[in-house]
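Comments concern the structure below.
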Amino acid sequence: MKKLFFSLIALALTLSGAAAYNPPVQGENLFYLSHPELLTGGVSVAGGGIESVLPASGTINPALIGLEERVSLDLGYTAMINGLSEDKGNKKYAQAFGTGILIPTDWANFGAEIEGVFSEFYNMPLGNSLHLKTFAAKQFMDKLYIGVGVGFGYAWEFRKDWMIAADVGALYNFGDVGFLKNFRIAASANNLGKVFNKDMNWQGYPSMFTFRGGAAAELIQSEKFVLGLSLDVTTPLFMNLIFDSGIQVRICDFVQINSSWEFNSHEVSEGTNSWLPTLGVVFKFNIGMGKSDFVRKNDWSKSEICPSAAWKNVDGDINMFGLGAVLRLGEKDRSGPDIQMD
């Protein structure tokens, strides 16, 4: 097993050295920079060790939005501070934002996320871009979820360009398997179409035909303490290998600590991979939404809001600080199916 692992690493480093593959630093994570839970979630295609779904989750795997039972709204902002000097016009500050909505229906779940990334760093030249992602997901056979998405984008600054691409994904929830609780496996194919390009000799970013697979589960599950773990492997355009791991700890169903670590073979070969794990925190507060007829009709009187914060280091010189929140309207249905015997 150890020999196989190091063989995969060697192959990945060889593939990532291909001349045609040269995305900017964090180019493969362009859609995952706008919300704290994405910054620290280990880019989990299966929804994280402790299952958590927000509208922005559809950017990773559109099938994920099928897991949520409640109307949800998210909002996130990330400030990026560059430690390099401002010589020769290099910038010191960049930013990203995102907001979206997820709407469950009896037939399927639908969602959309609007994101913007504005980075003119020479050491992270993502440029300025706006993206709109739309998703739909449906549950099949009780434990299988399948989702599709379509994304549009426009970029400027380093080069004006546009993108239009589709995403597809699936997730299967095994439930409890031995000591693994809420065990899920998932896979997605992202960026199936035209993506942003820097020049004619560059395949673009995030990479076309990015395939991702992963698993997630809770290892410890009790009323006061939950520990979850996720592991993912991603191959952008079959020219790189990216390994992501995430760990989440939830205490008293009130505070959750998230951390993740990424091994990007191409960025390792270029000397730009950060070896520091991310760190984030999420709080959960139960709130009332009033007593209007509209609120009562939709059963939203008791809802929850989850503010979050995160930190991520990039290439040793760039630090990202994220703030965000998710509003979930109504209470989660914890009851089983209503079965009546004649």
Side-chain angles (χ1 to χ4, degrees), residues 1-2 4-6 8-9 12 28-29 32 35-54 56-61 63-68 143-145 169-188 190 211-235 241-265 268 273-284 306 308-313 322 326 332:
M1 181 63 73
K2 185 182 293 186
L4 174 62
F5 175 77
F6 285 109
L8 286 173
I9 295 296
E28 300 296 2
N29 291 332
Y32 318 136
H35 197 281
E37 291 195 46
L38 297 189
L39 283 177
T40 61
V43 196
S44 174
V45 72
I50 298 178
E51 182 185 308
S52 178
V53 175
L54 54 152
S57 300
T59 60
I60 302 172
N61 179 1
L64 288 174
I65 68 169
L67 296 172
E68 182 55 67
K143 295 185 177 183
L144 175 66
Y145 300 81
L171 180 146
Y172 192 86
N173 191 332
F174 287 91
D176 296 346
V177 180
F179 68 94
L180 300 176
K181 310 299 182 182
N182 194 22
F183 176 56
R184 291 149 281 134
I185 61 171
S188 67
N190 301 94
F211 298 95
R212 188 188 320 272
E218 297 170 4
L219 306 183
I220 301 175
Q221 187 184 82
S222 68
E223 185 178 349
K224 300 293 185 181
F225 183 86
V226 182
L227 171 67
L229 179 68
S230 65
L231 297 170
D232 289 78
V233 179
T234 304
T235 173
L241 272 179
I242 302 173
F243 302 90
D244 286 284
S245 62
I247 185 169
Q248 295 87 35
V249 174
R250 179 178 294 167
I251 303 171
C252 296
D253 199 30
F254 169 66
V255 60
Q256 180 170 312
I257 300 171
N258 298 338
S259 185
S260 62
W261 183 75
E262 181 178 85
F263 182 96
N264 184 316
S265 302
V268 169
N273 192 83
S274 176
W275 300 100
L276 298 175
T278 67
L279 184 62
V281 61
V282 184
F283 297 95
K284 186 175 82 170
C306 300
S308 56
W311 167 81
K312 177 178 180 177
N313 177 262
V326 182
K332 194 169 185 178

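What's counted below: heavy atoms across the whole structure, side chains too, no hydrogens, waters or symmetry copies.
- Residues passing the side-chain hydrogen bond (donor to acceptor under 3.5 Å, both in side chains) test with T235: none are found, sequence neighbours excluded.
- The CG atom of L38 sits 5.5 Å away from atom CG of L54, with the distance rounded to the nearest 0.5 Å.
- Side-chain atoms of N61 and Y145, non-hydrogen and from C-beta on, never get closer than 4.5 Å to each other.
- Two residues are said to be in side-chain contact when any heavy atoms from C-beta on lie closer than 4.5 Å; W275 and V268 meet this criterion.
- A donor-acceptor pair under 3.5 Å links the side-chain atoms of N273 to the main chain of N264, judged by distance alone.
- Residues I242 and V43 fail the side-chain proximity criterion, which asks for heavy atoms closer than 4.5 Å.
- F254 CZ: more than 12 foreign heavy atoms inside a 6.0 Å radius.
- Between G48 and A216, the shortest heavy-atom distance links the atoms O-CB, 3.4 Å.
- Side-chain atoms of S188 come within 3.5 Å of backbone N or O of I60 as a donor-acceptor pair.
- You'll find the side chain of L67 reaches within 4.5 Å of the side chain of L171, heavy atoms only.
- The two atoms that bring G49 and R184 nearest to each other are O-NH2, 3.0 Å, heavy atoms only.
- Partners of D176 under the side-chain hydrogen bond (donor to acceptor under 3.5 Å, both in side chains) rule, at least two apart in sequence or in another chain, do not exist in this structure.
- S308 and V282 get closest at one heavy-atom pair: CB-CG2, 3.8 Å.
- Between W261 and F263, the two ring planes are tilted [angle within 30° to 60°].
- Not a single donor-acceptor pair under 3.5 Å links the side chain of S44 to the backbone N or O of G41.
- For the atom pair CG (L219) and CZ (F183), the distance works out to 10.5 Å, reported to the nearest 0.5 Å.
- The side-chain heavy atoms of K312 and T40, taken from C-beta on, include no pair separated by under 4.5 Å.
- For the pair L227/I247, a side-chain contact is recorded, criterion being any heavy-atom separation below 4.5 Å from C-beta on.
- Residues E37 and S52 have side chains that bring a donor and an acceptor to within less than 3.5 angstrom of each other.
- Proximity of a side-chain donor or acceptor of Q248 to a complementary backbone N or O of I50 within less than 3.5 Å is detected.
- For the pair L39/T278, no side-chain contact is recorded, criterion being any heavy-atom separation below 4.5 Å from C-beta on.
- For the pair W311 and P277, the tightest heavy-atom approach, listed with the atom from each and the gap, is CZ3-O, 3.3 Å.
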Before giving the answer on side-chain contact (heavy atoms from CB on, under 4.5 Å), spell out for V226 and V249 the whole-Å C-alpha distance, their side-chain angles and the decisive distance to 0.1 Å.
CA-CA 6 Å; V226 182; V249 174; over 6 Å; no
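- Judged by distance alone, with hydrogens and angles left aside, the side-chain atoms of R212 form no donor-acceptor pair with the main-chain N or O of A186 at under 3.5 Å.
- Here the OG-NZ distance, from S222 to K181, works out to 11.5 Å after rounding to the nearest 0.5 Å.
- Here the shortest heavy-atom pairing between D244 and T234 reads OD2-OG1, 4.5 Å.
- For the residue pair R250 and E51, the shortest heavy atom distance occurs at NH2-O, 4.4 Å.
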